[in-house]
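Here is the naming used below: chain letters follow the sequence lines, and residue numbers restart at 1 for every chain. All heavy atoms count here, side chains included; hydrogens, waters and symmetry mates do not.
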2 protein chains.
Amino acid sequence: METLRERKKQRTREALLRSALELFTTQGYEQTTVDEIAEAVDVSQRTFFRYFAGKEEAALALTEMTVARFVEAVRARPPHEAPMEALRQAVLEGWYSINEVVESVAPIELYLRMCRVIESTPVLLAAHLRRSVEIEETIAQVLAEREGLDVDADPRPRVAVAVFSSVMRVTERQWSLGEDFSLEAIRALTSRYLDQVGPALLGNWRTA
Amino acid sequence: METLRERKKQRTREALLRSALELFTTQGYEQTTVDEIAEAVDVSQRTFFRYFAGKEEAALALTEMTVARFVEAVRARPPHEAPMEALRQAVLEGWYSINEVVESVAPIELYLRMCRVIESTPVLLAAHLRRSVEIEETIAQVLAEREGLDVDADPRPRVAVAVFSSVMRVTERQWSLGEDFSLEAIRALTSRYLDQVGPALLGNWRTA
DNA sequence: TGTCAATTGTCAGCGGCTGTCACTAGCCTC
DNA sequence: GAGGCTAGTGACAGCCGCTGACAATTGACA
């Protein structure tokens with residue numbers, strides 16, 4: 001059982017996060033000031049910065065949760081699976097279990113709307129991409145360990161992860177630009193784009 | 001022949017850029033204030049912002065020049081080349097001609113040092129990555145046109161470009177973390193990592 | 001040389017973010 | 001259950017990136 005203090009803290013954090021997401025998705029990220037968020041929860045601006053390192057961190061908090069889940073999923077894949085297949089399965093798992101990951105903080109619908117805000121707000125997209133390369137490094141190490149390789153000696157783990165996550169990026173982007181914002185849509189796109197990695201590398205597209 | 005005004009403007013811009021790069025690479029990006037840069041050139045802070053949209057833009061200016069060159073190189077590749085091969089050749093061309101691109105503004109050595117500052121400064125790395133995905137979109141369209149495809153109907157152009165540029169990212173990073181900061185080193189890494197794309201996708205690394 | 005337009009400096013101000021310090025409220029002990 | 005202790009908060013001051021507005025300066029061109 002948590003202490004009252006801890007419960008209060010958690011409630012404040014979640015209130016701040018919810019208000020922030022609500023404001024970001026309705027009036028836009030840049031248009032929302034930290035003062036506004038703090039005021040909505042009736043705390044001082046200073047308090048906001050005690051819970052989040054910056055406005056960005058609040059905006060990316062949900063994504064961060066799903067990413068953590070993805071990393072765990074990769075770790076949990078059976079070791080006999082080929083590396084790329086493990087990644088593919090982990091991502092698809094992620095899209096299926098996203099509901100239970102996010103719903104404790106916000107409805108999935110808010111999550112999906114926030115994804116599009118991130119994609120369409122330059123500074124957020126930049127932060128998101130940067131975070132992604134950090135994750136890539138983590139995943140590369142996981143893969144290397146799985147396969148009993150040295151990440152620094154063998155380029156394959158990093159290359160494979162880079163290839164994989166770049167395709168995920170394209171997928172995200174196409175999803176956010178499309179008209180179907182459902183989870184089914186993103187799952188379908190994921191498979192479709194991953195299947196194109198092979199063909200995209202083949203010599204001449206015109207003869208295919 | 002340019003007018004005096006234009007020459008003066010250009011000189012101011014270059015002076016600002018040079019001072020900025022010099023300060024960034026010596027004392028770090030975050031530690032350098034815009035006031036400092038402006039003062040070094042003896043102009044007002046306001047003037048700095050008339051030449052650069054922000055501190056970031058100054059920091060990424062050199063990179064931007066080389067990127068523009070790369071895009072041109074891709075456009076100029078002979079149409080019979082396979083897509084991935086065209087990209088590979090364009091990048092290698094870029095590394096060979098980088099000297100003449102950059103030297104009008106700063107010595108290559110400064111460029112290389114700045115690359116590492118970008119790689120090691122979170123906010124700069126983020127901006128750099130964001131810019132990269134913009135370029136990816138451009139390149140994807142170039143490729144699609146070359147091959148007579150519709151970018152939105154066929155996933156291959158975007159997937160191929162994403163794969164390619166993610167490998168370039170890994171290369172950059174490894175180069176900036178390594179000990180050999182020469183151009184030869186980055187050329188060698190480029191080829192080495194690109195050659196690993198195929199093997200990295202193959203099923204089982206343990207048997208290879 | 002005088003007029004016009006482009007460039008610049010100055011000033012005021014906003015928003016993100018941080019350090020400091022005093023104050024409050026939950027916790028824990030006697 | 002009264003006391004001290006400490007985590008959490010609010011209030012304030014201040015830095016830095018960045019912008020708008022307006023006045024002053026400087027090159028262009030007749």
Side-chain angles (χ1 to χ4, degrees), chain A residues 1-17 19-21 23-24 26-61 117-118 121-128 130-131, chain B residues 1-17 19-21 23-24 26-61 117-118 121-128 130-131:
Chain A
M1 179 60 179
E2 307 159 302
T3 163
L4 168 60
R5 226 183 230 161
E6 281 164 340
R7 265 176 292 149
K8 243 182 149 173
K9 253 178 75 171
Q10 189 152 351
R11 242 182 294 137
T12 309
R13 192 193 141 90
E14 282 180 8
L16 279 170
L17 186 50
S19 294
L21 295 174
L23 289 167
F24 292 160
T26 53
Q27 41 175 322
Y29 176 77
E30 316 263 22
Q31 287 67 45
T32 305
T33 67
V34 175
D35 290 286
E36 222 169 336
I37 301 168
E39 196 176 357
V41 186
D42 203 49
V43 295
S44 71
Q45 186 219 47
R46 194 68 183 84
T47 293
F48 175 91
F49 286 109
R50 288 193 174 102
Y51 284 94
F52 300 95
K55 230 170 96 173
E56 276 179 19
E57 191 176 299
L60 300 177
V117 172
I118 293 170
T121 306
V123 54
L124 283 186
L125 179 55
H128 175 59
R130 196 192 127 271
R131 181 64 183 135
Chain B
M1 179 58 178
E2 306 158 304
T3 162
L4 167 61
R5 224 178 228 165
E6 281 163 340
R7 265 176 291 150
K8 243 182 149 173
K9 255 178 72 171
Q10 190 153 351
R11 242 182 295 138
T12 309
R13 192 193 141 89
E14 281 179 8
L16 280 169
L17 187 50
S19 294
L21 294 175
L23 289 166
F24 293 160
T26 53
Q27 40 176 333
Y29 176 77
E30 316 264 21
Q31 287 67 45
T32 305
T33 66
V34 174
D35 289 288
E36 222 170 336
I37 302 168
E39 195 176 359
V41 186
D42 202 48
V43 296
S44 71
Q45 187 221 48
R46 194 66 181 85
T47 293
F48 175 91
F49 286 108
R50 288 195 173 102
Y51 283 95
F52 301 95
K55 230 170 97 173
E56 276 179 20
E57 191 175 300
L60 300 176
V117 172
I118 293 170
T121 306
V123 54
L124 284 185
L125 179 56
H128 174 59
R130 196 192 125 271
R131 181 63 182 137

Option passing side chain to side chain contact (heavy atoms under 4.5 Å, CB included) with B:Glu36 (candidates B:Gln45, B:Gln27, B:Gln31):
B:Gln27
Just how far, in rounded Å, is [atom2] of [N] from [atom1] of [X]?
{"X": "B:Glu36", "N": "D:dG17", "atom1": "CD", "atom2": "P", "answer": "9 Å"}
{"X": "B:Arg46", "N": "D:dC22", "atom1": "CZ", "atom2": "P", "answer": "13 Å"}
{"X": "A:Phe49", "N": "D:dG14", "atom1": "CZ", "atom2": "C1'", "answer": "14 Å"}
{"X": "A:Lys8", "N": "C:dA25", "atom1": "NZ", "atom2": "P", "answer": "8 Å"}
{"X": "A:Gln31", "N": "D:dT19", "atom1": "CD", "atom2": "P", "answer": "14 Å"}
{"X": "B:Leu23", "N": "D:dG17", "atom1": "CG", "atom2": "P", "answer": "12 Å"}
{"X": "B:Arg13", "N": "C:dT7", "atom1": "CZ", "atom2": "P", "answer": "14 Å"}
{"X": "B:Phe48", "N": "D:dT19", "atom1": "CZ", "atom2": "P", "answer": "11 Å"}

Options [options], nucleotide nearest the side-chain atoms of [X]:
{"X": "A:Tyr51", "options": "D:dT9, D:dT19, D:dG17", "value": "D:dT9"}
{"X": "B:Val34", "options": "C:dA25, D:dG17, D:dT9", "value": "D:dG17"}
{"X": "B:Thr33", "options": "D:dC18, D:dC16, C:dT18", "value": "D:dC16"}

Closest non-hydrogen atom pair, [X] against [Y]:
{"X": "A:Gly54", "Y": "A:Phe49", "value": "CA-CE2, 4.1 Å"}
{"X": "B:Ala59", "Y": "B:Leu124", "value": "CB-CD2, 3.7 Å"}
{"X": "B:Arg13", "Y": "B:Phe52", "value": "NH1-CE2, 3.5 Å"}

Heavy-atom nearest nucleotide on DNA chain D for B:Gly54 versus B:Glu6: which residue maps closer to 5'?
B:Gly54
In terms of the nearest nucleotide of DNA chain D, which residue is placed more toward the 5' end: A:Arg5 or A:Arg50?
A:Arg5
Rounded at 0.5 Å granularity, tell me how far CD1 in A:Ile37 sits from OH in A:Tyr51.
15.0 Å
So, OP1 or OP2 of [N]: does either fall under 4.0 Å of a side-chain N or O from [X]?
{"X": "A:Lys9", "N": "D:dA7", "answer": "no"}
{"X": "A:Lys55", "N": "C:dC17", "answer": "no"}
{"X": "A:Thr47", "N": "D:dG10", "answer": "yes"}

Mind checking if B:Ser44 touches a base, just sugar-phosphate, or nothing, with heavy atoms under 4.0 Å?
base
